[in-house]
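Proteins come first, then strands; the chains are lettered A, B, ... in the order of their sequence lines, and each starts at number 1. Any value given below was found using the heavy atoms of this structure, including those in side chains, with hydrogens, waters and symmetry copies removed. Small disclaimer: the values here were computed from a predicted structure and weren't measured.
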Amino acid sequence: MATTSVGSIDFPQRKASGLRFSDRRRLFLVALAVPAVVYVVLVALWPLAQGIWYSFFDYNLLRGGGRRTFVGLANYAELWTDSTARRALINTFVFTFAAVTLEFAFGLCLALLLWREGRFNRICLAFLLIPVTITPVVVGLIFRALLAVDYGFFGYYLAEWGISGPRGFLASTTAALPVVILIDVWEWTPLVALILLAGLKSLPGDILEAASADGATALQRFRLVVLPLLLPTVFLALVLRVMDAFRVFDTIFVTTGGGPGDTTNSLMVYGVKQGLQFFNIGFASAIGNVAILCIALLCAVFTLLIRRADVKANGQ
Amino acid sequence: MKARTRQIAFERTTLVVILALYLIPVLWLVSTAYKPPREIFSSPPTFTFSPTLFNFERIFQLFDVWQLLKSSIVMSLGTTVLSLLLGVPAGYALARSKSRYAIVVAYFFLAIRTVPIIATLIPFYLMMRDIGLLGTWWAVILINTTLNCAFVTWMMFSYFRALPRDMEEAALTDGCTLWGAFYRVALPTVVPGIIASALFCIMFSWNDFLTPMFLTNSDTKPLSVALLASFGTKDITWGTLGALAHFSTIPIVLMALFLNRYFVQGLTKGVH
């Protein structure tokens with residue numbers, strides 16, 4: 001099978017195989033790509049397909065001996081009628097939109113501050129990597145401790161001065177979601193800044209010089225020259241963050257566990273609870289599939305928006 | 001000239017202030033580990049403390065720290081090696097292929113990266129339970145390799161595509177084998193890409209929490225899971241947690257600091 005043909009490719013001097021060079025090369029490349037493709041199909045696509053299949057069943061490991069009953073689209077309908085699920089869906093969108101917007105705004109400012117080449121900026125850059133590389137569970141725990149009302153570094157004073165209410169921000173139904181959004185912003189703004197900075201540094205210097213020689217002000221240079229050229233990088237940073245923010249799990253799970261009530265519940269947190277704590281496999285699979293659909297949709301919208309912006313800015 | 005100096009000074013001051021504010025949570029975590037329990041739980045919080053290694057002694061009594069470290073290391077290295085072995089050749093093949101399906105396959109790998117883990121984790125959990133791998137390091141390595149190998153393939157695809165074909169063509173004309181053109185000619189020139197890929201794989205699997213939380217048991221769990229699982233039980237204070245967090249964050253932060261050139265390079269090429 002495939003392996004024998006790989007053997008003959010390994011020794012091209014042996015002309016016995018009778019294949020032309022271009023064919024042997026094609027086979028060689030296929031042989032290199034096949035292991036990865038097969039692996040991903042078996043270990044990622046196959047479970048994905050199973051997940052789609054399970055989502056049409058009432059399938060609970062803790063109930064009815066784990067028997068499966070076909071229920072059609074009932075699990076998806078429940079996603080809409082179940083107020084907890086609906087809240088999780090809305091929360092996830094709010095979280096993604098707010099977190100990514102703030103991360104982009106702060107990240108762009110940071111990147112512009114760090115643009116100048118030099119030792120000082122390189123050292124600052126290295127320190128900025130710390131929040132990005134710290135284990136997300138630890139990030140969650142740090143903020144949980146800092147915001148604790150009885151002894152937390154911030155929490156105590158916030159409660160003492162009446163800013164957060166006596167039980168603290170993370171236990172407040174109105175403030176918990178903004179707080180977990182801000183934790184995400186703390187964690188990931190440096191990443192956005194790093195990507196944008198890499199984009200800024202790859203801009204052609206002569207164009208910038210020409211613009212300032214033509215008497216363009218700093219703001220004009222930024223708006224008319226830098227921003228249009230930076231668009232692909234902006235796109236990369238936004239798509240990356242939108243996808244990851246939409247899948248947020250660790251920090252929410254650690255800080256609030258989705259509470260108080262359902263106020264910080266996200267699709268991932270709810271799906272994990274349903275699937276791996278209550279073993280409600282059918283419903284949890286439906287949640288997972290909806291999450292995939294939403295991410296695909298967000299990516300498509302982004303691609304369209306960016307293409308339109310690109311046409312407008314660069315006239316292509 | 002003077003205005004320029006003033007502007008640089010202004011930029012630097014702003015940066016220092018931002019960084020200082022930014023790193024308060026990290027400094028707090030580090031300092032907590034050296035505080036005696038009495039002072040962590042003082043209300044109002046105290047800012048001065050008498051440093052002690054008490055918390056570090058405690059975590060060695062409470063946890064099998066070496067076993068936790070071993071789990072984290074085995075799982076992240078296993079995932080990284082497997083992902084590189086699968087992903088690097090695939091990235092090369094897709095970059096060099098003249099077929100119009102190559103780009104479709106490349107985008108397929110990129111799409112796999114974006115799949116939320118919950119969608120695959122539940123069926124995968126049942127699968128591992130059925131074949132008896134639940135609770136082993138293999139279960140975590142196998143599922144994390146899907147995402148990471150997809151990531152490595154895409155990243156190496158961009159690195160190889162940026163590499164001119166001339167060198168390989170020349171080597172082939174000189175009688176080099178196809179494998180030799182890949183292994184001895186193309187591969188050495190993309191070493192920065194491989195380092196960047198490895199760095200991201202290690203970071204991703206070392207910090208991973210969701211998959212090992214459900215796929216490992218008490219003997220095979222990594223540091224990230226122990227951190228949370230132990231929290232809330234008796235004898236666990238913020239101090240011991242801070243001390244344990246040293247073990248889970250310092251290796252990865254140091255690695256990123258020393259290799260930050262590759263980190264930044266990887267960010268623009270691939271999709272983390």
For a 4.5 angstrom cut-off between non-hydrogen side-chain atoms, does [X] reach [Y]?
X: A:Leu61; Y: B:Leu126; result: yes
X: B:Phe209; Y: A:Phe249; result: yes
X: A:Arg247; Y: B:Ile118; result: no
X: A:Thr133; Y: B:Met203; result: yes

Could you check whether any side-chain N or O of A:Tyr39 sits under 3.5 Å from a backbone N or O of B:Leu142, counting only pairs where one atom can act as donor and the other as acceptor?
yes
Within the side chain of A:Arg25, is there an N or O that forms a donor-acceptor pair under 3.5 Å with the backbone of B:Ser97?
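Pair absent, no side-chain N/O of A:Arg25 close to backbone of B:Ser97.
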Measure the [atom1]-[atom2] distance between [X] and [Y] for me, rounded to the nearest 0.5 Å.
X: A:Thr189; Y: B:Tyr22; atom1: OG1; atom2: OH; value: 4.0 Å
X: A:Leu32; Y: B:Trp179; atom1: CG; atom2: CH2; value: 6.5 Å
X: A:Thr135; Y: B:Leu223; atom1: OG1; atom2: CG; value: 8.0 Å
X: A:Phe28; Y: B:Tyr92; atom1: CZ; atom2: OH; value: 6.0 Å
X: B:Met213; Y: A:Phe253; atom1: CE; atom2: CZ; value: 4.0 Å
X: B:Leu178; Y: A:Arg24; atom1: CG; atom2: CZ; value: 6.5 Å

Name the option with the most non-hydrogen atom pairs under 4.5 Å to chain A; the candidates are [options].
options: B:Ser99, B:Ser248, B:Cys149, B:Ala245; answer: B:Ser248
options: B:Leu23, B:Leu29, B:Asn260; answer: B:Leu29
options: B:Leu15, B:Leu121, B:Thr14; answer: B:Leu15
options: B:Lys98, B:Arg12, B:Met255; answer: B:Arg12
options: B:Ile18, B:Val16, B:Thr145; answer: B:Thr145
options: B:Ile24, B:Leu210, B:Ile252; answer: B:Leu210

For [X] and [Y], which heavy atoms make the closest approach, and how far apart are they?
X: B:Glu11; Y: A:Leu113; result: OE1-O, 3.7 Å
X: A:Ala126; Y: B:Leu257; result: O-CD2, 3.0 Å
X: B:Pro116; Y: A:Ile292; result: CD-CG1, 3.6 Å

I'd like to verify something: which residue of [options] has the highest number of heavy-atom pairs under 4.5 Å with chain B?
options: A:Gly118, A:Ala145, A:Pro136; value: A:Ala145
options: A:Leu42, A:Ile287, A:Leu45, A:Asn121; value: A:Leu45
options: A:Phe143, A:Trp53, A:Phe120, A:Phe279; value: A:Phe120
options: A:Gly275, A:Cys124, A:Ala291; value: A:Cys124
options: A:Leu146, A:Val254, A:Val239; value: A:Leu146
options: A:Pro35, A:Gly288, A:Pro47; value: A:Pro47

Need one label for [X]: side chain, backbone, both or neither, based on atoms under 4.5 Å from any heavy atom in chain A.
X: B:Arg129; value: side chain
X: B:Leu172; value: side chain
X: B:Val105; value: side chain

Is it the backbone or the side chain of [X] that comes under 4.5 Å from a heavy atom of chain B, or both, or neither?
X: A:Val132; result: both
X: A:Ile52; result: neither
X: A:Leu110; result: side chain
X: A:Ile295; result: side chain
X: A:Val137; result: side chain
X: A:Tyr54; result: side chain
X: A:Leu197; result: neither
X: A:Val37; result: both
X: A:Phe106; result: neither
X: A:Ile142; result: both

With sequence neighbours left out, write down each residue that passes side chain to side chain donor-acceptor pair (under 3.5 Å) with B:Asp208, or none if nothing qualifies.
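Here the qualifying residues are B:Asn144, B:Thr211.
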Contacts of A:Arg26 that satisfy side chain to side chain donor-acceptor pair (under 3.5 Å) - sequence neighbours left out:
none
Kindly check if the number of other-residue, nucleotide or ligand heavy atoms within 6.0 Å of [atom1] ([X]) is above 12?
X: B:Arg165; atom1: CZ; answer: yes
X: A:Trp46; atom1: CH2; answer: no
X: B:Trp138; atom1: CH2; answer: no

